[in-house]
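Throughout, a chain's letter reflects where its sequence line sits, starting with A, and its residues are numbered from 1.
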There are 2 protein chains.
Amino acid sequence: MKSKIRKLRKQHRISQEELALSVGVTRQTITSLECEKYTASLVLAYKIANFFNLTIEEVFDFSEVEGDN
Amino acid sequence: MKSKIRKLRKQHRISQEELALSVGVTRQTITSLECEKYTASLVLAYKIANFFNLTIEEVFDFSEVEGDN
DNA sequence: TAAAAATGTAAAGTTGACTTTGCATTAAGG
DNA sequence: CCTTAATGCAAAGTCAACTTTACATTTTTA
């Protein structure tokens, strides 16, 4: 799933490792999310959004999720 | 994880099965979420929130998630 | 430009989200 | 009442989220 994680992280000038530590996961997990290897869990999505003082919807892109239309 | 799913579902007067069909999961999954057996995935959380025309943060309770404070 | 920091990637393992089936109980309606 | 709809629960299975370790490549900086 697409997200603004990398963009936000660069704006804040922190490494994947720093973000990983801040939200309680491995650097590998951050890499995987940024490279769209898989989708974050709800709790991790919240922690990341919260770290950047944003909402989940502001960080993650749900435009390709069917549901509304 | 706590959520307003059951409350919202009753307000809209629909069964677990109807909600399940609408968001593309099994009734069992809705039951499990309502009974806090496990936490929804990010995409499912979005679909449910979207079904009720709410944001994820309005439907799910992140107050017990460490991160902000 | 050499060393250090940051990132990409990969493989194997654990756990949790979700399915499928199925049965038992409760609530609702004719 | 009797039937049907709605819900709770359980067990076994699949797959995706996340970890751990480890190495190779790119970027940064002294």
Enquirer: Could you check whether atom CD of A:Glu64 has more than 12 heavy atoms from other residues, nucleotides or ligands sitting under 6.0 Å from it?
Expert: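 For A:Glu64, atom CD is not crowded (no more than 12 foreign heavy atoms under 6.0 Å).
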
Enquirer: Go through the steps to decide whether B:Leu19 and B:Phe52 satisfy the test side chain to side chain contact (heavy atoms under 4.5 Å, CB included), and finish with yes or no.
Expert: CA-CA 10 Å; B:Leu19 177 57; B:Phe52 292 120; 4.2 Å; yes

Enquirer: Could you state the atom-to-atom distance from CG of A:Leu21 to P of D:dT20 in whole Å?
Expert: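 Atom CG in A:Leu21 sits about 12 Å away from atom P in D:dT20.
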
Enquirer: Rounded off to whole Å, could you give me the OH-to-P distance for the A:Tyr38 and C:dC18 pair?
Expert: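 Checked: the OH to P distance equals 16 Å.
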
Enquirer: Out of C:dC18, D:dT7, D:dA22, which nucleotide sits closest to the side chain of B:Arg9?
Expert: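 Out of C:dC18, D:dT7, D:dA22, the nucleotide with an atom closest to B:Arg9's side chain is D:dT7.
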
Enquirer: For D:dT28, does either OP1 or OP2 sit under 4.0 Å from a side-chain N or O belonging to A:Arg13?
Expert: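 Result: no.
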
Enquirer: State, to 0.1 Å, how close B:Ile56 and B:Ala49 come at their nearest heavy-atom pair, and which atoms those are.
Expert: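 It is N-CB, 3.7 Å.
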
Enquirer: Rounded to whole angstrom units, what separation is found between the CD atom of B:Gln16 and the P atom of C:dT19?
Expert: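 Spelled out: CD on B:Gln16 to P on C:dT19 is 13 Å.
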
Enquirer: Within the structure, does a side-chain N or O atom of B:Gln28 lie under 4.0 Å from either OP1 or OP2 of C:dG22?
Expert: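 False: B:Gln28 side-chain N/O out of range (4.0 Å or more) of C:dG22 OP1/OP2.
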
Enquirer: Of the nucleotides C:dC18, C:dT9, D:dT19, which has the atom closest to the B:Thr29 side chain?
Expert: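 It is C:dC18.
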
Enquirer: How close or far is atom P of D:dA17 from atom CE of B:Met1, stated in whole angstroms?
Expert: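 B:Met1 atom CE is separated from D:dA17 atom P by 17 Å.
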
Enquirer: Which nucleotide, D:dG8, D:dT7, D:dA17, lies nearest any side-chain atom of B:Cys35?
Expert: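 Nucleotide nearest to B:Cys35's side chain: D:dG8.
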
Enquirer: What pair of heavy atoms forms the shortest contact from A:Leu42 to B:Ala40, and how long is it?
Expert: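 That closest heavy-atom pairing would be CB-O, 3.4 Å.
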
Enquirer: Hey, which sits more toward the 5' end of DNA chain C by its nearest nucleotide, B:Leu33 or A:Lys37?
Expert: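 In this pair, the answer is A:Lys37.
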
Enquirer: Can you name the nearest heavy-atom pair linking A:Phe62 to A:Glu57, along with the distance?
Expert: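 Between these two residues, the closest heavy atoms are CE1-CA, 4.1 Å.
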
Enquirer: Is there a side-chain contact between A:Thr26 and the phosphate of D:dC18, meaning an N or O under 4.0 Å from OP1 or OP2?
Expert: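 No.
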
Enquirer: Closer than 4.0 Å, any side-chain N/O of A:Arg6 to the OP1 or OP2 of C:dA6?
Expert: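 No, A:Arg6 has no side-chain N/O under 4.0 Å of OP1/OP2 on C:dA6.
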
Enquirer: Is it true that atom CD of B:Gln11 has more than 12 heavy atoms of other residues, nucleotides or ligands lying nearer than 6.0 Å?
Expert: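 Buried by this count: over 12 neighbours within 6.0 Å.
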
Enquirer: Given B:Glu34, which partner from the list B:Lys4, B:Arg27, B:Arg6, B:Lys10 fulfils the salt bridge (Lys or Arg N to Asp or Glu O under 4.0 Å) test?
Expert: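 That would be B:Arg6; it is the only one of B:Lys4, B:Arg27, B:Arg6, B:Lys10 passing the salt bridge (Lys or Arg N to Asp or Glu O under 4.0 Å) with B:Glu34.
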
Enquirer: CG of A:Leu44 versus C1' of C:dA17: gap in Å, rounded?
Expert: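 Atom-to-atom, A:Leu44 to C:dA17, this comes out as 15 Å.
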
Enquirer: Can you tell me the distance, in whole Å, between the CD1 atom of A:Ile30 and the P atom of C:dT7?
Expert: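 Rounded to whole Å, this separation is 11 Å.
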
Enquirer: A:Ile14 CD1 to D:dT28 C1': how many Å, rounded?
Expert: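 About 17 Å, once rounded to whole Å.
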
Enquirer: Rounding to an integer number of Å, can you tell me how far B:Ile5 CD1 sits from C:dC18 P?
Expert: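 Taking CD1 of B:Ile5 and P of C:dC18, I get 10 Å after rounding.
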
Enquirer: The helix from C:dT1-D:dA30 to C:dG30-D:dC1: angle between its terminal axes, five pairs each, to 10°?
Expert: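 Terminal axis comparison yields 50°.
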
Enquirer: What contact category does A:Thr39 fall into here, base, sugar-phosphate, or nothing, at under 4.0 angstrom with non-hydrogen atoms?
Expert: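 Touches sugar-phosphate only.
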
Enquirer: Roughly how far, to the nearest 0.5 Å, is CD of B:Gln28 from CG of B:Leu33?
Expert: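 CD of B:Gln28 is found 10.0 Å from CG of B:Leu33.
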
Enquirer: Dump the pairs, protein N or O against N or O of nucleotides 28-30 of chain C, anything under 3.5 Å, distances to one decimal.
Expert:
none

Enquirer: Could you walk me through whether A:Thr29 and A:Leu44 pass the side chain to side chain contact (heavy atoms under 4.5 Å, CB included) test, one step at a time?
Expert: CA-CA 10 Å; A:Thr29 296; A:Leu44 178 53; 3.8 Å; yes

Enquirer: Below 4.0 angstrom from OP1 or OP2 of C:dC18, is there any side-chain N or O of B:Ser41?
Expert: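 The answer is yes; a side-chain N or O of B:Ser41 sits under 4.0 Å from OP1 or OP2.
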
Enquirer: Go through the steps for B:Ile48 and B:Ile5 under the test side chain to side chain contact (heavy atoms under 4.5 Å, CB included), then give the verdict.
Expert: CA-CA 8 Å; B:Ile48 292 173; B:Ile5 298 177; 4.0 Å; yes

